[in-house]
Amino acid sequence: MAEKILRVNMTTLTGAFEDVPSEWAGIGGRALTSAIVAKEVPPTCDALGKHNKLVFAPGLLAGTPAAQSGRLSAGAKSPLTGGIKESNAGGTAAQNLAKLAIKALIIEGAPVDDSKFYGIQIAKDSVKIVEATELVGKRNYEVIKTLSAQIAPKVGVLTIGPVGEMRMAAANISVKDPDGNIRSHGRGGLGAVMGSKKVKYVTIDDTNGTGTPIADPEKFKGAARAFAKAILEHPVSGEGLPTYGTNVLVNVLNEAGGLPTKNFRTGQFEGHDKISGETMREIIVKRGGKPKHGCHAGCIIQCSQHYVDEKGEYITSGFEYETIWGFGANCCIDDLDTIARADRIMDDIGIDSIEGAVIIGVAMEAGIVEFGDGPGTLKLLEEIGNGSPLGRILGNGAASVGKAYGITRVPVVKGQGIPAYDPRTVKGIGVTYATSTQGADHTAGYAVATNILKVGGFIDPLKNEGQVELSRNLQIATAAIDSTGLCLFVAFPALDIPETLAAIIDMLNAKYNLTLTGDDVIALGKSVLKTEHAFNNAAGFTKQDDRLPEFFSEDPCAPHNLTWTMSDEEIDEFWNF
Amino acid sequence: MQITVKLFATFREGRFSVEGREYPEGTRIAVILSELNIPEQQIGMIMVNARHAEPDQELHDGDTLAIFPLVGGG
Ligand code: SF4
């Protein structure tokens with residue numbers, strides 16, 4: 001099977017398979033979604049208008065036996081930031097698309113009659129666009145269940161909940177995982193873009209799909225084995241993540257004084273131990289849940305889990321540090337069960353759980369509910385799902401809430417909520433928040449690894465020296481990894497064990513019969529960042545948008561009592577490459 | 001002198017989470033690590049009063065010492 005681009009036009013309600021243009025042949029994942037958006041979407045267009053396009057692309061290694069290779073990139077112009085967006089997620093869809101040899105799915109246009117929603121049903125060499133009448137208004141768990149029953153138990157599903165249908169700027173896109181649960185293209189409001197195209201869901205039935213062949217299977221096998229070995233050997237990916245999930249970070253960041261607490265007032269949370277990864281593991285084991293779980297077949301790290309209630313009933317999975325920080329320390333709710341319910345509601349209604357947490361923090365700042373009010377928080381999330389007037393102000397993002405209530409303590413960059421690491425205390429991640437093309441996004445250049453976790457060396461988190469260079473190097477490497485379709489957590493072994501990167505390059509070369517070197521990978525990362533930066537500039541961004549909110553420079557953060565002191569000139573050095 | 005020792009993740013197994021412990025003035029972190037049977041190669045981070053520290057650092061009365069294995073997330 002030769003690889004194809006599947007283009008679906010929602011104005012004409014038709015879809016067609018196209019040959020892959022040579023300029024896109026060697027790229028996948030984020031490199032491809034960003035290249036397509038940069039080429040085909042006018043940067044100044046309305047993100048919710050017909051000129052925007054929603055692009056899905058599996059990574060270059062998707063569909064192969066390589067560990068961790070099933071992440072899917074989604075891209076568009078973001079209604080939240082107004083800039084380019086790539087958000088990647090686990091779930092089965094990347095592997096389903098790769099099996100059908102679909103290198104990218106482009107959804108463009110918008111129906112003239114906007115009273116209906118549609119489903120895009122993809123199977124081998126075929127695509128159907130059907131009315132989605134009975135699923136309109138339904139939440140994500142139900143949509144996934146219904147479609148899996150209607151089409152096939154293993155069908156891949158991408159769906160939006162009511163928040164996406166209502167085109168709120170914090171809406172996400174849900175991806176079905178191997179158990180029929182939910183992973184998310186969380187950040188940047190891509191669910192609203194899907195809603196604006198009137199697409200309720202996409203199904204991918206990969207029956208009889210064979211994928212594209214591996215050019216040199218023997219070489220691939222050896223490289224894949226070396227890669228898996230490095231992952232399992234590294235203490236973070238081999239032991240830490242599967243045991244405690246990402247939530248092990250609550251205690252780490254609290255101890256370092258970088259756990260943003262009470263809407264970024266201080267860096268330590270009194271109730272940290274109650275919401276920590278250690279406590280979470282105890283609860284899950286005691287109640288008979290699953291402490292480790294992979295978001296797609298072929299994940300050997302398994303940072304996910306099934307969090308269950310006291311009766312052992314499933315509440316949520318993919319219960320991440322950022323969500324737990326966000327409702328825990330940030331909103332002062334020291335109860336994991338309440339936070340798990342919040343996570344469940346957000347997955348179900350279809351809103352980004354990081355933005356959701358920052359939204360509620362700002363809502364508490366505004367006095368809509370008190371800090372620490374768990375039941376009040378769950379009610380507000382339901383209001384978002386139900387689309388009440390207050391719900392819509394909330395669902396449009398933390399910046400929207402700040403504006404509506406005249407608040408200045410609004411932790412966002414380029415309109416996107418700042419996640420779980422205080423930039424005053426973890427200065428490298430502050431540079432990433434400021435400069436990322438994606439708006440505030442910790443995954444774009446995870447300086448926490450080197451500032452706090454001592455992975456890939458150590459650069460003092462409390463000082464400005466070396467942070468711009470650190471963030472730049474990480475953002476370049478991340479852009480490259482996001483293009484392979486590998487889960488970003490392979491960066492932990494990659495930063496410490498040199499064989500990891502060599503194995504990734506060997507796998508790419510063996511799959512596509514290439515002769516890539518480490519330098520080519522770095523060049524790819526750089527070109528992805530530059531493409532995205534150029535799009536943002538053409539959309540109207542300037543370097544003044546690469547700044548943190550004023551309060552970080554004014555209000556010291558305890559216990560270190562530091563402010564953000566990086567000068568504009570220092571930050572602007574970032575783009576010097 | 002009084003030191004608050006905090007252990008995290010797998011280091012808690014068979015040990016403790018947090019304890020106030022007595023040590024002679026000027027005790028180095030390394031001494032406490034070997035007392036607790038924590039091999040240095042398993043250590044990810046050591047923090048004293050919320051700052052990263054190395055095993056050869058001397059402690060002072062009232063310090064909080066936090067010891068983590070190599071962990072990560074994101
Ligand atoms: S390590 Fe976690 S995020 Fe990465 S592929 Fe596995 S479950 Fe998904």
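Reminder, nothing fancy here: chain letters follow the sequence lines and each chain counts from 1.
Of the two parts of A:I452, the backbone and the side chain both hold a non-hydrogen atom closer than 4.5 Å to a non-hydrogen atom of chain B. A:E255 touches chain B through backbone and side chain together, each having a heavy atom under 4.5 Å away. B:F68 touches chain A through its side chain: at least one heavy atom from C-beta onward sits under 4.5 Å away, while N, CA, C and O do not. Contact of A:L453 with chain B is made through backbone and side chain together, with heavy-atom distances under 4.5 Å. For A:V455, the part lying under 4.5 angstrom from a heavy atom of chain B is the side chain only. Proximity to chain B (any heavy atom under 4.5 Å) is shown, for A:D496, by neither the backbone nor the side chain. For B:E13, the part lying near chain A is the side chain, with the backbone staying farther off; criterion is any non-hydrogen pair under 4.5 Å. Only the side chain of A:F489 comes within contact range of chain B, with at least one heavy atom under 4.5 Å from a heavy atom of that chain. Residue contact with chain B, scored on non-hydrogen atoms closer than 4.5 Å, is absent for A:P419.
In this structure, B:M45 CE and A:K454 NZ are separated by 9.0 Å, a value rounded to the nearest 0.5 Å. Taken to the nearest 0.5 Å, the NZ atom of B:K6 stands 8.5 Å off from the CG atom of A:D273. The CZ atom of A:F492 sits 10.0 Å away from atom CG of B:L70, with the distance rounded to the nearest 0.5 Å.
Surrounding CD of A:E270 are at most 12 heavy atoms belonging to other residues, nucleotides or ligands under 6.0 Å away.
Closest non-hydrogen pair, A:E239 versus B:T10, comes out as OE2-CG2, 3.5 Å. Across B:N49 and A:H560, no two heavy atoms sit closer than the pair O-CE1, 4.5 Å.
Chain B forms the most heavy-atom pairs under 4.5 Å with one residue out of A:G257, A:A256, A:G277, A:G240, and that residue is A:A256.
By a heavy-atom distance cut of under 4.5 Å, B:A50, B:R51, B:H52, B:A53, B:E54 are the residues of residues 50-59 of chain B near chain A, going up by number.
Shown are A:T246, A:L241, A:V248; of these, the side chain to side chain contact (heavy atoms under 4.5 Å, CB included) with B:V71 is made only by A:V248.
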